[in-house]
Structures are given as C-alpha cells and as structure tokens.
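Beneath this line is the structure, given in structure tokens, with notes to follow.
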Protein chains: 2
Amino acid sequence: MPPDSTDTRRRLLDAAFEEFASHGLAGARVDRIAELAKANKRLIYAYYGNKEELFDTVMVRSLVVLADAVPFAADDLPGYAGALFDHMVAHPEMVRLTMWKLLERPNVSAAEVEAYRPKVQAVADSQADGRLDPDADPVDVMILVIGLVAAWFTSSPALRALATGERSDVQRLAEHRAALIRAVAQMADNRTSGDDSVGHRLST
Amino acid sequence: MPPDSTDTRRRLLDAAFEEFASHGLAGARVDRIAELAKANKRLIYAYYGNKEELFDTVMVRSLVVLADAVPFAADDLPGYAGALFDHMVAHPEMVRLTMWKLLERPNVSAAEVEAYRPKVQAVADSQADGRLDPDADPVDVMILVIGLVAAWFTSSPALRALATGERSDVQRLAEHRAALIRAVAQMADNRTSGDDSVGHRLST
DNA sequence: GTACCGTAACTAACTAGTTATTGACAGCGT
DNA sequence: ACGCTGTCAATAACTAGTTAGTTACGGTAC
C-alpha cells in the first residue's frame, strides 16, 4: 500500500478550522496550524496551496457539515430555526468562522449560491401553497429567519450580560431558544399577517 | 496658546475608523492609518497609547454617534428597527466595526452595559404596561429585534445574490426594510402572542 | 531473497519582507 | 526652561512562503 496522507490532511483541516475560527484569516498563524496538527508547515502548501485556499477549504467543509446536520424545512421554519440554533450552540466555532468569512472573504462562490437556491425555492413553494406569509420575498424570509437564529451570537456581550434574574447558562439559553422559536413562528405564520390590522406604519 | 492637536487627533480617529472597519484589529496597519490621516505614526502612540487602545477609542466614539443618531423607542419597536436599519445602511462601516469587535475584542465594558441598561428597562416597562408581549425576557426582545435589523448585513452574500426579480439596489433594500419592519411588528405586538393557537412546537 | 528505483510523505532551516513600537531630536509658544 | 506637537530613523520580533533535502515503501529486475 502506498503511503497515505489523508490523516495528515484531516489533522491540518481540523487545526485550521480551530485557528481560523479563533483568529480569522489575517490573525491566524500558519505555524500554529502546523503545530496544532502535529504536521510540518510545508504540507499546508503542498496540500492546500496557501493560507487563503486553506481557509476556503475549511469553509466549504464547514458548510457541508452544517447542511448534513441541519436539514432545511420550509414547512416548519420554527423547527428549522430551533435545530439551526442548537447546531450553532453546539458549534460556536462555525458561527465565528462564518462571521470571519463575511468580513475577510466576502466572495460569492457559485457552490454556496447553489446550496441556498433549493432552500429559497422551498420557501417560495410554501408561500404559493399558502402555508407561509406570501408578502415577503423568499430571500428576505430566509435572511430574517437566519438573522433571528444568529441574533444570540451576533448580539453584544454587554447586552447579554444584562439578563435579568439568576439563571444558569443552560436555562438562559433554553429561554432564549423559546423566545426565538416563538418569534419565528409569529413571523412565518400567515394567519397573523393576512390582515393588515397591525397598528404600525410599515414604511418610512 | 500652545499648538492645537485636536484636528490631528480627529483625523487619526477618522482614519482609524476606516482602517479598522475595513481590516479589523489584526488586519489594520498602523502605517496606513497614519498615512490616511496625513499624520505621523508616532502620534498614534502619543495620543492613543497603542493599536488596541486606538481601536477601543474608535469603538466608543462609534457607539456614541449611533446612540445620538438613533434614539431608542421601546413603544415603537418597528419604528426603531426602521431607523436603526437606515443608520446601518448609511454607515455600513459601523456594522463592520461592531462585528470586528465581537470577534477580536469581545470584552464587556461597563460603559456599554450601562448604555444598554435603560433600553432594556424601557422594554420591561412596556411589557409591564401591556404594550408589549410580556412572555420573553426584555434582553431577549432586544437581542431578537437587533438581530432582525442586522440580518441583512450578517446574511451571506450568496443568499442575497438569489433575490428574485430584477430590481435596483434601492428597491431591493426598501423591500427588505418593509419585510423587516413587518417582522418586528408581528414579533413585538402582544395581540398576536397572547393566544397559544400557534400550531408549532415551541420546545425541542 | 535482495539490491535498486521511483514516488509519495514528510522535515528542518532559511529568506525576504512586514509590523508594531520606541528613541532621539527639533520647532514653537509661553 | 518647559511642555506640547511633530519628524525621522531605527529595532526587535514575526510571518508567509520556499529551498533543499530525508525517510518510508511498494514494485521490479536479477
């Protein structure tokens, strides 16, 4: 059997994931990645080209893992929101990585667009079938739902620190999760949006 | 009168704001800041100590500007959301700066906590008066509203690229704004949340 | 069996260029 | 004489990427 490099490759990707999630693209150190992976720095360039390409590779893998772990459900956006939130809680590094990418590598890869397309289409179908509020562009629905799910992680620690009462972190998280799911339900359910009785100005 | 350095100080802050918003703390270059400010690099250290303290100073000023520009209104969360969204659209660098801070300097300053406290209290008051859905912790209400407002900016460019139809960027933005405000209204209005008829599981 | 060879996996040490930070010093108003 | 504003040039530490190898190992001719 010829020598096998797959394990070294995986170790490098794992280490890069940690390093990039912690420090971002500019802040990450190639030497630290190699050290953490217990591999030689040269191999990073042999297998992944350079630091940026390594980042892209890590990013793609992270999105694949996410897609496998949290199936999209346009018919049950609250359920989807809950599952996505749980995944984010379990993998906060993934959330950080996504934010780093948004700031440091805001390129639009065709693969990512195609990954979103069926989800947007599913939302559009649900709207057409009357299962979902049809007023908003399906893309906006997606953006807002994901924004709600991510709100906990994108919010200021200073704001989170103001939580009233004395609850454990798990209780706190569970309570936020419930509020989040309620918000998604109210937003998505077309029973609450069909009438225009909501007493707020909707523009300007 | 001794020579006045206030103008140089302001130029340095402005330049630092741009540089930090573009590249973050680790990616920012002190030389570029000095060059953009048309000031000597040494003055950064004379006036602001070092790179990190300069970042903190820029951050504080940015939050003050935001607080002055967008007054909080617990009674009219949809209106507040719209105003906050408009400010973010007008100042996307501020949004980026906030994200950088979250990733690179997630320290909780007492000043920031105190800035949030009256807002949270105002939400709690509105809940007590029955003007707002009292089910959720006021902190969660704040987190979710801000998360909704920021959703446009934190969403993946790949997802935004999928917008249906052919509209100009301003039309696109206005439509998202409307959907956002509708979402905040549905979430905040206690008329829609009092009954538990929403047909979704709310936990696990 | 074994000496040889090609190739894939891996390594140590280096280079060339940046980077934040500082030391030494000059002008100027009081 | 002194404090504030500002300049210039150094420096010590780092960093991405590279050069020039060595080691491990299966196949192959003999």
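Here is how names work: the chains are called A, B, and so on, in the same order as the sequence lines, proteins then strands, and each is numbered from 1. Just so you know, these numbers use all the heavy atoms, side chains as well, and skip hydrogens, waters and symmetry mates.
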Rounded to whole angstroms, how far apart are [atom1] on [X] and [atom2] on [N]?
| X | N | atom1 | atom2 | value |
| --- | --- | --- | --- | --- |
| A:D7 | C:dA8 | CG | C1' | 16 Å |
| A:K38 | C:dT11 | NZ | P | 12 Å |
| B:L43 | C:dG27 | CG | P | 17 Å |
| B:Y48 | C:dT21 | OH | P | 16 Å |

Tell me, please, which residues at least two apart from [X] pass side chain to side chain contact (heavy atoms under 4.5 Å, CB included).
| X | value |
| --- | --- |
| B:E53 | B:N50 |
| A:D7 | A:R10, A:R11 |
| B:L66 | B:V70, B:L84, B:H87, B:M94 |

Worksheet entry | Geometric cation-pi criterion B:R105 and B:W100, 6.0 Å radius, 45° cone |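 No, B:R105 does not lie over the aromatic ring of B:W100.
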
Discussion item. Looking at B:T8, I'd like to know whether one of its side-chain N or O atoms comes within less than 4.0 Å of OP1 or OP2 on D:dT5.
Written reply: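 No, because none of the side-chain N or O atoms of B:T8 sits under 4.0 Å from OP1 or OP2 of D:dT5.
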
Item to complete: May I ask you to evaluate whether A:Y47 reaches the phosphate of C:dC10, defined as a side-chain N or O under 4.0 Å from OP1 or OP2?
Response: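 Checking A:Y47 against C:dC10: at least one side-chain N or O falls below 4.0 Å of OP1 or OP2.
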
Worksheet item: With the sugar-phosphate defined as primed atoms, P, OP1 and OP2, and the base as all remaining atoms, what B/S/- string results for nucleotides 10-22 of chain D, 5' to 3', for protein heavy atoms under 4.0 Å?
Response: -----SBBBB---

Determine all donor-acceptor pairs shorter than 3.5 Å in which one atom belongs to a side chain in residues 34-49 of chain A; sequence neighbours excluded.
{"residue": "A:N40", "atom": "OD1", "partner": "A:R42", "partner atom": "N", "Å": "2.8"}
{"residue": "A:K41", "atom": "NZ", "partner": "A:D31", "partner atom": "OD1", "Å": "3.3"}
{"residue": "A:Y48", "atom": "OH", "partner": "A:R9", "partner atom": "O", "Å": "3.1"}

Item to complete: Under the salt bridge (charged side-chain N to carboxylate O under 4.0 Å, His left out) rule, collect the residues that match up with A:R117, sequence neighbours excluded.
Response: A:E114

